[in-house]
Amino acid sequence: MAEKLTNEKISTGTIVKVAGPLITASGMGESQMYDVVRVSDKHLVGEIIELRGDVASVQVYEDTSGIGPGEPVFTTGEPLSVELGPGIMGMIFDGIQRPLSSIYEIEGDRISRGVEVPSLDRKKVWNFNPTAKIGDLLSGGDIIGTVEETPAVIHKIMVPIGEEGVLEWLHSGEATVEQPIARIILPDGSKKELNMIQKWPVRKGRPYIEKFAPDEPMLTGQRSIDALFPIAKGGVGAIPGPFGSGKTVVQQQLAKWADADIVVYIGCGERGNEMTDVLMEFPELKDPRTGTSLMNRTVLIANTSDMPVAAREASIYTGITIAEYFRDMGYKVTVLADSTSRWAEALREMSGRLEEMPGEEGYPAYLSSRISEFYERAGYVKCLSSNGDRMGAISAIGAVSPPGGDTSEPVSQATLRIVKVFWGLSYSLAHARHFPAIDWLQSYSLYKDTLFKWFDQNVDSDWSRLVRTTMSILQEESELEEIVRLVGIDALGRNERLLLECARSLREDFLQQNAYNEVDTYNSSNKQAKMLKTIITWYEKAKAALDADVAFSRISEMSIREPIARMKFVPEDEFDASYNRIMEEMDEEFISMRNEGEEAYA
Amino acid sequence: MRREYKTIREVVGPLMLVEGVSDVKYDELVEIEQADGEIRLGKVLEINKDKALVQLFESSHGLKISTAKARFRGHGAQLSVSRDMLGRIFDGMGNPIDGGPEIIPEKKMDINGTPINPAARDFPAEFIQTGISAIDGLNTLVRGQKLPIFSGSGLPHAQVATQIARQSKVLGDDETFAVVFVAIGITFEEADFFISDFKRTGAIDRAVLFINLADDPAVERISTPRMGITCAEYLAYELGMQVLVIMTDITNYAEALREVSAARREIPGRRGYPGYLYTDLASMYERAGKIKGNKGSITQIPILSMPEDDITHPIPDLTGYITEGQIILSRELNRKGLTPPINVLPSLSRLKDKGIGAGRTREDHSDTMNQLFAAYARGKEAKELAVILGDAALSETDKVYAEFSDRFEELYVSQGYETNRSIEETLDLGWELLSIFPENELKRVRQEFIDKYLKEKSD
């Protein structure tokens, strides 16, 4: 079990070969696959990824310059694990959960090698609030107390998975993570003290009682996502797109506004400045649901592109394991991984150095099974506990960076086979400065039908009809545009031209959303429904007006169209009033247009 | 401690195998001494028991394995740095080639650097004035950014590069600005153009040049940019300067990397480039930045020529994924005679929003920038339409836009390689061009700015 913290089994091997982040060591017969080792007297962290006889191949999570044959390798007998407990939220960790802000304080602005800083702050004192009762029979996953980790997150202290016993004593009040807070009597009569730290191996999913198909949307406040391609709480999605198409902005928008209790943001092989941006911006932003800083519910895992490549591979697992831990408390967690392509490339690099037989484009043959394993750790589950009374969810969203924007490459294809939501970003939309550049013709959401029901019941009974109409108008637009390109706009009839006008309005007034405008950056579902309703109502009334012989030019120049275009900038608290006014004015304008028409005939 | 071995067994291309070694470390610097005393450098690429695989930084030409000695130096490749490097010219391995004295090192630094802790980074937000309107006005460069120029063969990126090197400055009096210029595998003529331009304009006084020529060994190119960036790190973080690193041409660097990878028989990725090309490029580009509590900064402008002008080629593609935007030179604009031929529409500076506005450039910067972009894009569209359907098909408004786009290219973009515009001049020129439109077309500019800046003009 992960709790095995014994150091007595430490044995020592000897390095025989060093090739970049991969070293080979002999005399490792005692060790197991995926055990963590410490390399050389510098104590670099590594993980065993291959064993042949007593020769082990180790991927090293730190730079191996200056390491050579003959140096020792110390085994720890433990798999690569994360520390779980209070002190995770609001932190920035590297790919193997070392706290970067503490390292910065201790070591300065460069990441030196072999640093040993505990993941969780050992000195910080938490206020432990007991909730279990003495004499209760507890098992893994049962909550014994809570700690207010940040103003937005109540950290529930659970009995470590695999433990079972009768609660004999429970602490109340201040404690550090290492101090005992409970004592249980094990089935064999012996006693065991528990503290607030748990360890869990990152490559193994944490258990749950049962998994369910998700049926509730994860609202993001992004119109093109919530309305056209919604994702469920516990769902999986991917955002592929070439560079400059705004992947990172979409990811950051999700991190900011998704209605999740916890957000785990994994910066995997991306720009250092982006992490800095998140670190500086998030504490300033207010979570619309809790009213406190967004950083309070966010944890960052950063392996920037200049950091060691092997730790990139681990960063994804570190992130999802932390997410699972919070899921087990009954939270809705969102995991954002930017970018899974860099993770796959790290996998490819290690595979190449192991001289494995390559699959497509040099990626290892197990690429797609690894990608599936990662996404399958998401889901909507009944959390592990003795009475099974908690539900938790992990929604996992991965950015994919296909070379040249061509999604026929292996990482995109393996991802598409597993994810249920696909937000395809298009370079041509980005080029036309249509942001978010989610291509409505190419993207899809397989949760659509389930989630439409939820929106119909909880937001607006008209929701699914509005969205279906929207999609069909956009679809028709693309067909008409081809005709226009060939023979010019004059070849179209009035009805077609009206449809194009409506499609333009949908694109510009609804789908385009400015992430940097403080009002536009987040829209409630109510606002989204009413915006769509306004545009579609305008279209339907305009069609009727056309049939009643109102001139097309008159309709396309209606003065109501400007307030419609500005609806997105109306703040939430003024929105309903503004909506009612626009609908009334629209009615009036249509009536007066018809009257004009009739007067002209009269 | 010197460890010398006369057991060189093989030399294949840029790789060399030394046997029977002991206590050799990965990434260690190796000196290969010929019988006549000539010394070449390399580094340990892989060490397997007593066999060290060494990658030569220099050509293996004339290397005689029976008499050569391999000497392991116990540390990685280093660069001797000093304040006196300013104004000097070095070869791709950091040796002076301008006839001046040897550098007396103040310090020796590992050329590979160490990763910056993301928690230690400071977000780039201060404006750098390049004096080029298409960059300053529309794709603003900020301190600590990495903004590549995507060019193509035959396009004047050399002129653009020297113009930036010559004109760049940071606003503020107490800042020292320095340029590190790294030439990777360029021709003698190009190098000569750079050096004489630097000397002619006096820009050399605040510059350090590293020159690797096209006929220098390709493997040396892998070290050259790292030498330059290491020198920049010294100037920035130890001496507190604002350093601009210009590297040309990254395509030559990537080819050198491919050559070494092929010699090692690694499994190639796209177009034969190694699978770790992204990581390798990132290890250079990510060394740009600003660090909390440190006055200095490193800004990078890597220049690369896109093979066949193809932006999806692995080199521009992977670069674009790492850098914070790109400036794109256009063949079409070059044919039209625009100097510099910067195509502002697909160009992008991801960090521009942080570096512009009141207190950094001017309050109206963001609004006019958006308006110029929108107007130019619409003007281009109108012109395309006119090509298909004839001028008559354009509405009166579209005709104004078409005229605007011509004037914009002619006056705003094509400023010439010798013109150095201050940011105020650039912004004022923007207003002058926008004054062609009726006020109600300027939807992206706040009324207060129209009143303040546009009225001023018409009075």
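Here is how names work: the chains are called A, B, and so on, in the same order as the sequence lines, proteins then strands, and each is numbered from 1. Computed from a predicted structure; not experimentally measured.
Between A:Glu71 and B:Lys25 there is a salt bridge, since at least one side-chain N of the basic residue sits less than 4.0 Å from a carboxylate O of the acidic one. Classification of A:Asp109 and B:Arg121 as a salt-bridged pair fails, no side-chain N sitting under 4.0 Å from a carboxylate O. A salt bridge links A:Lys17 with B:Glu46; the closest basic N to acidic carboxylate O contact falls under 4.0 Å.
Residue A:Arg561 places its CZ atom among more than 12 non-hydrogen atoms of other residues, nucleotides or ligands, all under 6.0 Å distant. Applying the 6.0 Å contact sphere to CD of B:Glu19 captures more than 12 heavy atoms from other residues, nucleotides or ligands.
With values rounded to the nearest 0.5 angstrom, B:Leu318 atom CG is found 11.0 Å from A:Ser305 atom OG. Here CG of B:Asp317 is found 10.0 Å from CG of A:Asp406. Values are rounded to the nearest 0.5 Å. Distance check, rounded to the nearest 0.5 Å: CG of B:Asn112 to CG of A:Asp63 gives 7.5 Å. Here A:Asn273 contributes atom CG and B:Asp122 contributes atom CG; the two are 9.5 Å apart, rounded to the nearest 0.5 Å. To the nearest 0.5 angstrom, B:Phe123 atom CZ is 8.5 Å from A:Glu281 atom CD.
The contact between A:Leu100 and chain B is made by backbone and side chain atoms together, counting heavy-atom distances below 4.5 Å. No part of B:Ser22 comes within reach of chain A, as not one of its non-hydrogen atoms sits under 4.5 angstrom from that chain. For chain B, the nearby part of A:Val309 is the side chain; its heavy atoms alone come within less than 4.5 Å. Of the two parts of B:Phe373, only the side chain, counted from C-beta on, holds a non-hydrogen atom closer than 4.5 Å to a non-hydrogen atom of chain A. Contacts between B:Arg350 and chain A at a heavy-atom distance below 4.5 Å involve the side chain alone, from C-beta outward. Only the backbone of A:Glu356 comes within less than 4.5 Å of a heavy atom in chain B; its side chain stays farther off. Both the backbone and the side chain of B:Ile47 come within less than 4.5 Å of a heavy atom in chain A. With a threshold of 4.5 angstrom between heavy atoms, B:Ile291 approaches chain A through side-chain atoms but not through N, CA, C or O. At a 4.5 Å heavy-atom cutoff, the contact between B:Ser347 and chain A is made by backbone atoms alone. For B:Gln326, the part lying near chain A is the side chain, with the backbone staying farther off; criterion is any non-hydrogen pair under 4.5 Å. Both the backbone and the side chain of A:Pro402 come within less than 4.5 Å of a heavy atom of chain B. With a 4.5 Å cut-off on non-hydrogen atoms, B:Lys146 touches chain A through its side chain but not through its backbone. Heavy atoms closer than 4.5 Å to chain A are found in the backbone of B:Pro316, but not in its side chain. A:Ser401 touches chain B through backbone and side chain together, each having a heavy atom under 4.5 Å away.
The main-chain N or O of A:Gly272 is found under 3.5 Å from a side-chain atom of B:Glu286 such that the two form a donor-acceptor pair.
Under the side chain to side chain donor-acceptor pair (under 3.5 Å) rule, A:Ser65 has a single partner from B:Thr114, B:Asp110, B:Asp27, which is B:Asp27.
Contacts with chain B were tallied for A:Pro308, A:Gly269, A:Gly68; A:Gly68 has the most, counting heavy-atom pairs under 4.5 Å. Ranking A:Tyr363, A:Tyr516, A:Phe243 against chain B, the residue ahead of the rest is A:Phe243, based on heavy-atom pairs under 4.5 Å. Each of A:Arg433, A:Arg342, A:Arg353, A:Glu105 has some count of heavy-atom pairs under 4.5 Å with chain B, and the biggest count is that of A:Arg342. The greatest number of non-hydrogen atom pairs below 4.5 Å with chain A, out of B:Pro274, B:Gly113, B:Gly144, B:Gly275, is found for B:Gly275. Between chain B and the residues A:Val18, A:Thr304, A:Leu300, the largest count of heavy-atom pairs under 4.5 Å involves A:Val18. Interface remark: of the candidates B:Pro115, B:Ala52, B:Ala119, B:Pro115 forms the most heavy-atom pairs closer than 4.5 Å to chain A. Taking B:Thr279, B:Leu385, B:Asp280 one by one and counting their heavy-atom pairs under 4.5 Å with chain A, the maximum is reached by B:Thr279. The candidate with the highest count of non-hydrogen atom pairs below 4.5 Å against chain B, out of A:Asp277, A:Thr24, A:Leu279, is A:Asp277. The residue among A:Gly352, A:Pro358, A:Ala346 with the most heavy atom pairs within less than 4.5 Å of chain B is A:Pro358.
Looking at B:Asn117 and A:Ile103, their side chains come closer than 4.5 Å, going by heavy atoms from C-beta outward. Two residues are said to be in side-chain contact when any heavy atoms from C-beta on lie closer than 4.5 Å; A:Met307 and B:Pro118 meet this criterion. Side chains of A:Pro69 and B:Lys49 form no contact here, defined as non-hydrogen atoms less than 4.5 Å apart.
Taking the ring axis of B:Tyr321 as reference, the NZ or CZ atom of A:Arg271 does not stay both within 45° of it and closer than 6.0 Å to the ring centre.
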Tell me, with the steps shown, if A:Glu349 and B:Tyr278 meet side-chain contact (heavy atoms from CB on, under 4.5 Å).
CA-CA 11 Å; A:Glu349 188 169 340; B:Tyr278 176 86; over 6 Å; no

Would B:Leu345 and A:His431 satisfy side-chain contact (heavy atoms from CB on, under 4.5 Å), going step by step from the backbone distance to the final call?
CA-CA 8 Å; B:Leu345 291 179; A:His431 191 168; 4.2 Å; yes

Determine whether B:Lys292 and A:Thr276 satisfy the following criterion, side-chain contact (heavy atoms from CB on, under 4.5 Å), listing intermediate values before the conclusion.
CA-CA 11 Å; B:Lys292 281 182 199 159; A:Thr276 314; 5.7 Å; no

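Residues A:Ala19 and B:Tyr26 approach most closely at C-CE1, 4.3 Å, considering heavy atoms.
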